[in-house]
Amino acid sequence: MATVKPSGDPYDRIYAVVRRIPRGRVATYGQIADLAGLDGRARQVGYAMRTLAIEGVPWHRVVNSRGQISARAEPGGDRVQRQLLEREGVTFDAADRLELAHYRWRPKMDGRPSRRPRAQASL
DNA sequence: CATATGGCTCAAC
DNA sequence: TGTTGAGCCATAT
């Protein structure tokens, strides 16, 4: 019995999206957030995973926008994620990054409104 | 209820 | 390529 979050909410959608990531493909937190309807809240996507310690959800297919595995709270955890990806055919370069342009998952996104750009501070 | 982080992201240097 | 700065918001204390 996992430490289930009270109230199903957005988290359920996040898992649903992550689960839809095909094998050998990866997605970014921002992408998941976008698909889950949490546009702009990429952080919470990562949070949802860390806090819930999911089962049956290919969390390892979720990386940051640089195509790199972010360091997580657990020691060596990022290493595990990398191995899981390599096992699915994903290769990493010397900088521990994968070619997002090649591995990024592209869902249909039919009829979904584009995410609104954040208001950048005027410099 | 107020702070302090944090598996993020984008734009500009 | 990497660094810096600012925005976002849920968890943790």
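We name chains A, B, ... by the order of the sequence lines, and we start the count at 1 in each one.
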Could you say whether Y47(A) or A95(A) is positioned toward the 5' end of DNA chain C, judged by the nucleotide with the nearest heavy atom to each?
-> A95(A)
Side chain of E88(A), backbone of V26(A): donor and acceptor closer than 3.5 Å?
->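 The answer is no, because no donor-acceptor pair under 3.5 Å joins these two groups.
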Would you say the side-chain atoms of Q81(A) pair up with the backbone N or O of V63(A), donor to acceptor, closer than 3.5 Å?
-> no
Atom-pair distance ([atom1] on [X]; [atom2] on [N]), nearest Å:
| X | N | atom1 | atom2 | answer |
| --- | --- | --- | --- | --- |
| D39(A) | dC9(C) | CG | P | 10 Å |
| L35(A) | dC8(B) | CG | P | 18 Å |
| L38(A) | dA10(C) | CG | P | 9 Å |
| Y29(A) | dC8(B) | OH | C1' | 8 Å |
| R66(A) | dG7(B) | CZ | C1' | 12 Å |
| R50(A) | dG6(B) | CZ | P | 9 Å |
| L100(A) | dC8(B) | CG | C1' | 13 Å |
| D34(A) | dC9(C) | CG | C1' | 17 Å |

Atom of S65(A), atom of T28(A) and distance for their closest heavy-atom approach =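 Distance-wise, the nearest heavy atoms are CA-CG2, 3.8 Å.
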So what's dC8(C) paired with, Watson-Crick or G-U wobble, going by both distances under 3.5 Å?
->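 Its partner is none (no Watson-Crick or G-U wobble pair with both distances under 3.5 Å).
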Examine the base of dC8(C) for any acceptor or donor lying under 3.5 Å from a partner atom in the side chain of R43(A), and report the outcome as yes or no.
->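 Side chain to base: pair found, below 3.5 Å.
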So how far is it from L35(A) CG to I14(A) CD1, rounded to the nearest 0.5 Å?
->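 Going from the CG atom of L35(A) to the CD1 atom of I14(A) covers 11.0 Å.
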Considering just the side-chain nitrogens and oxygens of [X], establish if one lies under 4.0 Å of OP1 or OP2 belonging to [N].
| X | N | answer |
| --- | --- | --- |
| T28(A) | dC8(B) | no |
| R97(A) | dG2(C) | yes |
| S65(A) | dC8(B) | no |

Greater than 12 external heavy atoms within 6.0 Å of R66(A)'s CZ = no
With a 4.0 Å cut-off on heavy atoms, is V62(A) in touch with a base, just the backbone sugar-phosphate, or nothing at all?
-> base
Residue W59(A), side-chain heavy atoms: nucleotide from dC9(C), dT9(B), dG7(B) that is nearest =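 Closest nucleotide to the W59(A) side chain: dG7(B).
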